[in-house]
Each structure stands twice: as C-alpha cells, then as structure tokens.
Amino acid sequence: MTNPKSIASFIFSHPLSKFKGNASMLSLKNLGLRTGPCLLQTFLAPFHSTSSSDCQSQRNHPRIMFEKITNLDDALILFDEMTQRQPQSSVLKFNQLLQAVTRMKHFASSVELFKQMNALRIPFNVYTINIVINCCCKLYRTTEGFALLGYGFKHSIKPNVFTFSTLLNGLILEDKVLIAERFFKKLIKEELCDPDVIMYSTMIKGLCNCGINDKAIGLLKLMDERGCKPNVVTYSTVIDSLCKDEMVDDALKLFKHMVLRKYIRPNVVTYNSLIRGLCSLCRWDEASKMLKDMEDERISPDVWTFSILVDALCKEGHVEDAEGVIKLMFQRGKDPNVVTYNSLIDGYCLQGEMRKASEVFDSMELRGLVPDIVTYNSLLNGYCKKLEIEEALHLFHEIIKKGLKPNVITYNTMLHGLFLIGRCKDAYKLFSEMRSQNVIPDRFTYEIVLEGLCNNNQVDEALSLFHLMGDNKLNSYINAYNILIDGASKSRKLDIARNIFKNVFDKGLEPTVQTYTVMIGAFCLEGLMGEAKKLFNEMEKRGCSPNSVTYCVILQGFIKKEEQGVIEILLKEMEDKGFSIDASTLSMLLDQIKARSLDGSLVKLIGKVVPKEVDGLV
DNA sequence: CTAGGGTTAG
C-alpha cells in the first residue's frame, strides 16, 4: 500500500502529460460524420437516380454505404426501399443492413426486420441468422436464438462456429453458465463444430463471470494443449476477472506469462484492467508504473483508461486530482464521455458537494453529453445522504419527465432516503410503485426496506415482509437476518431475535461476524451477560473471530454490570489483537471510572486500545 | 463482400 499523496504526482509527473494529441484528433466529428437527413439523401440517391455513374459508385463501394448509416430511421427507410426494388436486393445487402442496425444497438429492430423479410419471403443465409441470433442474445432472449437455429435448419441452413459461439455467449449473458458449459461440451463431444479461439474465450468468460477463475485458467491451458492458441482477448478476460476479485498479483503473474512466455502483446484493454485492479487496491505507484509501461510499449491510454483513473481517484475522495485527469484528457484530445463525467459527479456527491456536482452536470450537458440514469442515481444518492429529500424527489420526477427509466438502484436510493427521514408511508408507496413499473427489487431493496422499517419502530412490519419474501433466493443473504436480529433486539423482542438467529443455522447460511455481534448485543441489552459471553466464546470455535466491534459491544455490556475483572481481560485481548475501542465505549468507560464504579487502574489498559492519531495523511 | 469473444455505475 502506498502513500495516497503520490496520486497527484502519479498523474502530473507522468510522461504522458507532456504528449500532445495528434492522431486522436481524427475523431468522427472532425471527419464531418453526422447523423440526420442530409446523409439519408446520400444513401437514397442511387435508388432514385437513373444516372449510371451513381449506380456505378454504389457498386464500387457497397460497404461504405451501410457503414454510414447512423440512425434507425434511415435504416428503416432504406429497408423499405430495398424490399421494393426490382430486381430484389441480394442477401448480402440485407445482411449489411441488418448488421448496420445491430451496430447501432437496435437489436429488437433487427429481429423485426428479419421477421418482415420472412413475411416477404426474402431469402436469407447463415450470415443472416447469425446476425439475428446475436440480436436475440443481446436482448437476453437466447431461447429465441435457439428457436432461430431450428428455423434455420428447416431452411437447410447449416449452423457454423459463429452461430454456436453467439448462442454460447447468449447463455453466458443470461448467467446460465451451467447450461452454457453443457452446451459447450456437447458441441465438442458430438463434433458439431470445431471450437476456435473465440468460442473458447467465450466459455472462459462465462467461467470468470461466476467467479471460478481457476477453472477458467484450466480451460485456457487446455485450449492451448489442444492446439488452439489463446490470444490477447482470452488472456485479458481472465486478467480482468482476477483483478475484479482483488487477485491483482495473480493477474500480474498471468500478464507476465502472456507477455514473456507466450509473446502475446498486451493491448489497451489488458492495461486498463490491470490499472483498474491496482487503483482499486490503492496501489497507486504500481498503477503509475503500468501507465508508463504501456506508454513505453507505444500503447496510448484511451478514454477508458482515463475514466478508470477518474473513477478510482473519486472513490478515494481525491476529486480535485480527478479534475486534473480530465484536463489532461482534453490536452490529449480524448474527450471525456458520459461515464467519465458520471464518476466525477459521483465523487462530488459522495463528498456532499452538491453544488460542484450540479456544475459538472451542467457542463456535461453543455458539451452535448446526455446524462443517463447512472448520472441521476449519483445525484439522488448525494441529496438523500444530505437528507435533502425534497430535492431528491424533484430530481426523481425529472428523470421520468426526461423519459429515462428509473432502475433498481434509483428506487433503492430513493427508498433509503425516505426511510432515513422517517417517511415510511411514502417509502412503502414507492416500494409498490416499483413493482408496478416492472422494476424487480433486489436483495439491497429488501435490506433497505427491512432496515428502514426496523429503524422506524416497525419491526412487526419488517418481519411480515420477511415472511412474504418466502423461500426464494432473496432470503439466502445473511444481511437481512443481521438487520432483523438487530431490529428485534432494539425493540426488546429478544425471543424473536433468538429465533431469527436460529433460523440462520437452520437454513444452512453462513453467519458473519455481524450476525454474532448483533446477537451478542441483543443479550447485552437484556443484561444476559452469561449468554453473551457464551456466544462470544462459541463464535471463535465456529471459525468466526470477533472483531473490534464485537469487543466493544460485549465490553459495553460488562461496563454496565461494572465487572472490573472481565473488562480487564477483554481490554488485554483487544490490545493483543491490535483492536481499538470506539468513541461511545470509551466515554462509557471513562464515565464509570469518574463515578468510581470502576477502578482507575483501567486507564493504563485503555490507553493501549485508543486509536492512534494519524496526522498528515488523508 | 455479410456473422461471434475481452475493460467503466448504488
């Protein structure tokens, strides 16, 4: 772990800050590529014109024409035009059009166009179904993708490795990794296709997604042995996954293996993953080194790289440095995008600097960037944290007015805010509204609502909601149990707390330190120090060591009982374990000593567990 | 000529 002060120097002393953008100035905007009706005329001209030179140019540059389509309306008009042409446009042309629509991410429209093609009996080939299957997959409708595969069979279209890897990717996008694995194995075993590097990489990505990195690495080795060389994408997939799981050192090891043993050149994506991994662990010096390395390799950082830096700096509270990175981006001709600004806005919101956050918001709109739901979620979060709920509600309505769809995070943030200021009724109304808007509550929603109800003296409501949640995946997260045990305890319903605690074990869930700590706290509150101490000793045996909080909680129980001896032992244990005492426990102790109900000899022990003042840093 | 894989939100 390095000194966070090195961040500023890490950014500004870096050689890249001295570079001037040149190649990057060749942005689309500078090339004069814009969307809109002016372009449409260019596309349609050949169809309306009888001039042979126009037809000639169309024949010579068939690809460029489709690549220039930048909005859906143009594409749809062109499609109509093509269906009416005599003689009919070739499959190739239709494929190019479908792909153009797909490139614009209008997946549903692509599927619709394909349906229209079929209604008009326009012929299609394997390219066509591959494009459309891909669209289904991107829409999380992989089942339809498989149906299309069958439809293709009926039309004697033989699927190929593209078809199968697209479907495999669809299953993985839908988190159906087990099914994906079965599908993958079946393809190989029955020799339905010869897996290539993309298919292996897709499967590896699936394994990474559900956190089985070692299995992913195993497959990486296996494909190599089977004569299919992993490439930079394959390695980057695994490297990124390791970084996300905070196993940056393993990621670095794999990175070195890729470069030094396999002679595969990393690209900007590989570096971005590593830089993000290092930044998220505050290993700034190494991140800086990585940035320098990529520059040495003549790989220039892109908007993504800079956004990662902005995000990491903001999350660590160094928003000013993040602003510096954005200035640097402009210098290098890499215009920040919505994601970049979102991180900055989030940074200000986390610091409660809402005025600054709004300024950034305005400046991004001035630059023609359209704020998305993530932008609004940060702002909502900022206002809610400051308890400026009216402001948050106002913003919430603005989101809807702008035609943006609030997502589960939006609702969670808003719910949290409403509960914070005790507006339970409004919160509950919003909670039901979210269902009617087809936004599925997640585990966080339930945790927020359960905690909100508990904090507002409505434990019974919390409990009935908990029972309503039933036996689905949602109540297999331990947090909800911790919240309810704590809530029940604070409402002096020890039996209920006990029951829920028991429930954790009955359900086979893994209790955390917090689970034990809240239960111990519940016993302490009732003065049942025998039971508290029993559980305290037991947790260690069950493989869950108490932390500072656990010690403070049980200490408070014994302080109230004025048990000098136990307090001494606990304080000594805390010192041995390097734990520190929190403010409220400390003041409780000192009060009792002042009142002479505890002995002053404790002061020496207390001195050892008072957190040391750390000055200078942060 | 036309198709598939890897990096950023609470």
Side-chain angles (χ1 to χ4, degrees), chain A residues 59-64 66 90-100 102 124-135 137-138 145 159-170 172-173 193 196-206 208-209 230-241 243-244 266-277 279-280 302-312 314-315 337-343 345-346 349-350 372-378 380-382 384-385 407-416 442 444-445 448:
Chain A
R59 215 167 292 135
N60 288 343
H61 309 282
R63 281 187 66 203
I64 291 167
F66 287 98
S90 63
V91 191
L92 170 68
K93 290 271 178 279
F94 279 102
N95 290 346
Q96 285 174 330
L97 181 80
L98 283 183
Q99 186 57 12
T102 307
F124 59 93
N125 60 18
V126 67
Y127 289 84
T128 328
I129 63 157
N130 285 350
I131 295 167
V132 183
I133 288 175
N134 186 28
C135 290
C137 291
K138 295 272 158 69
N160 57 20
V161 66
F162 284 76
T163 325
F164 292 127
S165 54
T166 306
L167 286 165
L168 187 70
N169 188 43
I172 286 159
L173 283 174
C193 75
D196 63 2
V197 61
I198 293 185
M199 185 170 260
Y200 275 113
S201 302
T202 307
M203 192 62 244
I204 285 173
K205 163 81 184 164
C208 288
N209 274 354
N231 62 18
V232 63
V233 175
T234 325
Y235 277 100
S236 298
T237 305
V238 183
I239 287 171
D240 185 68
S241 176
C243 285
K244 277 194 182 124
N267 62 20
V268 66
V269 177
T270 327
Y271 279 108
N272 286 349
S273 290
L274 287 167
I275 290 171
R276 195 164 49 84
C279 284
S280 67
D302 60 5
V303 178
W304 226 311
T305 323
F306 288 114
S307 298
I308 286 164
L309 296 175
V310 168
D311 193 61
C314 286
K315 289 229 158 41
N337 59 22
V338 177
V339 177
T340 326
Y341 281 111
N342 281 351
S343 292
I345 289 173
D346 198 56
C349 288
L350 290 175
D372 59 14
I373 194 68
V374 181
T375 326
Y376 283 103
N377 285 348
S378 288
L380 271 184
N381 187 37
C384 286
K385 269 177 118 175
N407 62 16
V408 63
I409 299 173
T410 322
Y411 280 102
N412 288 354
T413 310
M414 210 56 245
L415 284 170
H416 186 64
D442 62 9
F444 297 106
T445 319
I448 288 163

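Chain letters run A, B, ... following the sequence lines, proteins first, then strands; residues in each count from 1. Heavy-atom basis, side chains included; hydrogens, waters and symmetry copies ignored.
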**Student:** Reckon N377(A) touches a base, only the sugar-phosphate, or nothing at all at heavy-atom distances under 4.0 Å?
**Tutor:**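 Answer is nothing: N377(A) stays at 4.0 Å or more from every strand.
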
**Student:** Quick one: which of dG10(B), dG6(B), dA9(B) gets closest to the side chain of N407(A)?
**Tutor:**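 Nucleotide nearest to N407(A)'s side chain: dA9(B).
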
**Student:** For V310(A), answer base if it contacts any base atom (sugar-phosphate contacts may also be present), sugar-phosphate if it contacts only those atoms, and nothing otherwise; contact means non-hydrogen atoms under 4.0 Å.
**Tutor:**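 Answer is nothing: V310(A) stays at 4.0 Å or more from every strand.
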
**Student:** Looking at N342(A), T340(A), D302(A), which one forms a side chain to side chain donor-acceptor pair (under 3.5 Å) with S307(A)?
**Tutor:** T340(A)

**Student:** Without decimals, in angstroms, what is the distance between Q96(A) CD and dT2(B) P?
**Tutor:**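 Spelled out: CD on Q96(A) to P on dT2(B) is 6 Å.
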
**Student:** In terms of side-chain heavy atoms of I409(A), which of dG5(B), dT7(B), dG10(B) is nearest?
**Tutor:** dG10(B)

**Student:** Can you find a side chain N or O atom of K244(A) that sits less than 4.0 Å from OP1 or OP2 on dT8(B)?
**Tutor:**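 So the side-chain polar atoms of K244(A) do come within 4.0 Å of the phosphate oxygens OP1 or OP2 of dT8(B), strictly under.
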
**Student:** Considering only dG6(B), dG10(B), dA3(B), which nucleotide approaches the side chain of N381(A) most closely?
**Tutor:**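 My answer, after comparing the listed nucleotides, is dG10(B).
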
**Student:** dG6(B), dA3(B), dG10(B): which one has an atom nearest the side-chain heavy atoms of N267(A)?
**Tutor:**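 Minimum distance to the N267(A) side chain belongs to dG6(B).
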
**Student:** Can you check the I373(A) CD1 to dT8(B) P distance for me, whole Å?
**Tutor:** 20 Å

**Student:** Given atom CD1 of I133(A) and atom P of dT2(B), what is their separation to the nearest angstrom?
**Tutor:**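 Going from I133(A) (CD1) to dT2(B) (P), I get 20 Å.
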
**Student:** Which part of the nucleic acid does I308(A) contact within heavy-atom distance under 4.0 Å: base, sugar-phosphate only, or nothing?
**Tutor:** nothing

**Student:** I'd like to know if D196(A) reaches the base of dG4(B) with its side chain, counting only an N/O donor and acceptor under 3.5 Å.
**Tutor:**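 Yes, the side chain and the base share a sub-3.5 Å donor-acceptor pair.
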
**Student:** If stacking means aromatic ring centre less than 5.5 angstrom from the base's six-membered ring centre, planes under 30°, is F162(A) stacked on dA3(B)?
**Tutor:**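 The base of dA3(B) is stacked with F162(A) (centres under 5.5 Å, planes under 30°).
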
**Student:** Is it true that R276(A) and D240(A) make a salt bridge, defined as a side-chain N closer than 4.0 Å to a carboxylate O?
**Tutor:** yes

**Student:** Mind checking if D372(A) touches a base, just sugar-phosphate, or nothing, with heavy atoms under 4.0 Å?
**Tutor:** nothing

**Student:** To the nearest 0.5 Å, what is the distance between OG (S165(A)) and OH (Y200(A))?
**Tutor:**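 Result: 13.0 Å between the selected atoms.
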
**Student:** Partners of T445(A) by side chain to side chain donor-acceptor pair (under 3.5 Å), sequence neighbours excluded?
**Tutor:**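 In terms of side chain to side chain donor-acceptor pair (under 3.5 Å), with neighbours along the sequence ignored, T445(A) is linked to N412(A), D442(A).
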
**Student:** Mind calculating the distance between CG (L173(A)) and P (dG6(B)) to the nearest angstrom?
**Tutor:** 7 Å

**Student:** If you check the W304(A) side chain, which of dT8(B), dG4(B), dG6(B) turns out closest?
**Tutor:**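 Of all the options, the side chain of W304(A) is nearest to dT8(B).
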
**Student:** Is there a donor N/O on one and an acceptor N/O on the other, under 3.5 Å, for the side chain of N160(A) and the base of dG4(B)?
**Tutor:** no

**Student:** Nearest to the side chain of M199(A), heavy atoms from C-beta on, is which of dT2(B), dG10(B), dG4(B)?
**Tutor:**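 Of all the options, the side chain of M199(A) is nearest to dG4(B).
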
**Student:** For the side chain of S201(A), starting at C-beta, report the closest nucleotide among dG6(B), dT2(B), dG5(B).
**Tutor:** dG5(B)

**Student:** What about T166(A), does its side chain sit under 3.5 Å from the base of dG4(B) through a donor-acceptor pair?
**Tutor:** no

**Student:** T237(A) near the nucleic acid: base, sugar-phosphate alone, or nothing, with a heavy-atom cut-off under 4.0 Å?
**Tutor:**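 Counting heavy atoms under 4.0 Å across all strands, the contact made by T237(A) is with sugar-phosphate only.
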
**Student:** Could you report the tightest heavy-atom contact between T413(A) and L380(A), atom names first, then the distance?
**Tutor:**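 Nearest heavy atoms, T413(A) then L380(A): CG2-C, 3.8 Å.
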
**Student:** Taking the side chain of D442(A) as its heavy atoms from C-beta onward, which of dT7(B), dA9(B), dG10(B) lies nearest to it?
**Tutor:** dG10(B)

**Student:** Could you tell me whether T234(A) contacts a base, only the sugar-phosphate backbone, or nothing, with contacts defined as non-hydrogen atoms closer than 4.0 Å?
**Tutor:**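 Base: the residue T234(A), judged by heavy atoms under 4.0 Å, touches a nucleobase.
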
**Student:** Send over the distance from L274(A) CG to dG6(B) C1', rounded to a whole Å.
**Tutor:**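 L274(A) atom CG is separated from dG6(B) atom C1' by 13 Å.
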
**Student:** Taking only residues two or more places apart in sequence, or in another chain, which ones meet T237(A) in a side chain to side chain donor-acceptor pair (under 3.5 Å)?
**Tutor:** none

**Student:** Using a 4.0 Å heavy-atom cut-off, does D240(A) contact any base of the nucleic acid, only the sugar-phosphate backbone, or nothing at all?
**Tutor:** sugar-phosphate

**Student:** Just by modelled atom types, is the I133(A) backbone N or O under 3.5 Å from a matching donor or acceptor in the N130(A) side chain?
**Tutor:**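 No; zero donor-acceptor contacts below 3.5 Å.
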
**Student:** If I take atom CD1 in residue I204(A) and atom P in nucleotide dG5(B), what distance separates them, rounded to the nearest angstrom?
**Tutor:** 15 Å

**Student:** Would you mind reading off the distance between N95(A) atom CG and dT2(B) atom P, rounded to a whole angstrom?
**Tutor:** 10 Å

**Student:** With a 4.0 Å cut-off on heavy atoms, is K138(A) in touch with a base, just the backbone sugar-phosphate, or nothing at all?
**Tutor:** sugar-phosphate

**Student:** Touch check for S165(A), heavy atoms < 4.0 angstrom, all strands: base, sugar-phosphate only, or nothing?
**Tutor:**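 Counting heavy atoms under 4.0 Å across all strands, the contact made by S165(A) includes a base.
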
**Student:** Rounded off to whole Å, could you give me the CG-to-P distance for the N130(A) and dG4(B) pair?
**Tutor:**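 N130(A) atom CG is separated from dG4(B) atom P by 8 Å.
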
**Student:** Nearest of dG4(B), dG6(B), dT8(B) to any side-chain atom of V233(A)?
**Tutor:** dG6(B)

**Student:** Between S343(A) and D346(A), does any side-chain donor sit less than 3.5 Å from a side-chain acceptor?
**Tutor:**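 D346(A) and S343(A) do not have a side-chain donor-acceptor pair below 3.5 Å.
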
**Student:** What's S307(A) touching, base or sugar-phosphate or nothing? Going by heavy atoms closer than 4.0 Å.
**Tutor:**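 Base contact.
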
**Student:** Taking any heavy-atom pair under 4.0 Å as a contact, classify N342(A): base, sugar-phosphate, or nothing.
**Tutor:** nothing

**Student:** Counting the atoms with a prime plus P, OP1 and OP2 as sugar-phosphate, which does T270(A) contact under 4.0 Å by heavy atoms, base, sugar-phosphate, or nothing?
**Tutor:**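 Base contact.
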
**Student:** I want to verify a distance call: between dG5(B), dT8(B), dA3(B), whose nearest atom is closest to the R276(A) side chain?
**Tutor:**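 Given the options dG5(B), dT8(B), dA3(B), the side chain of R276(A) is closest to dT8(B).
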
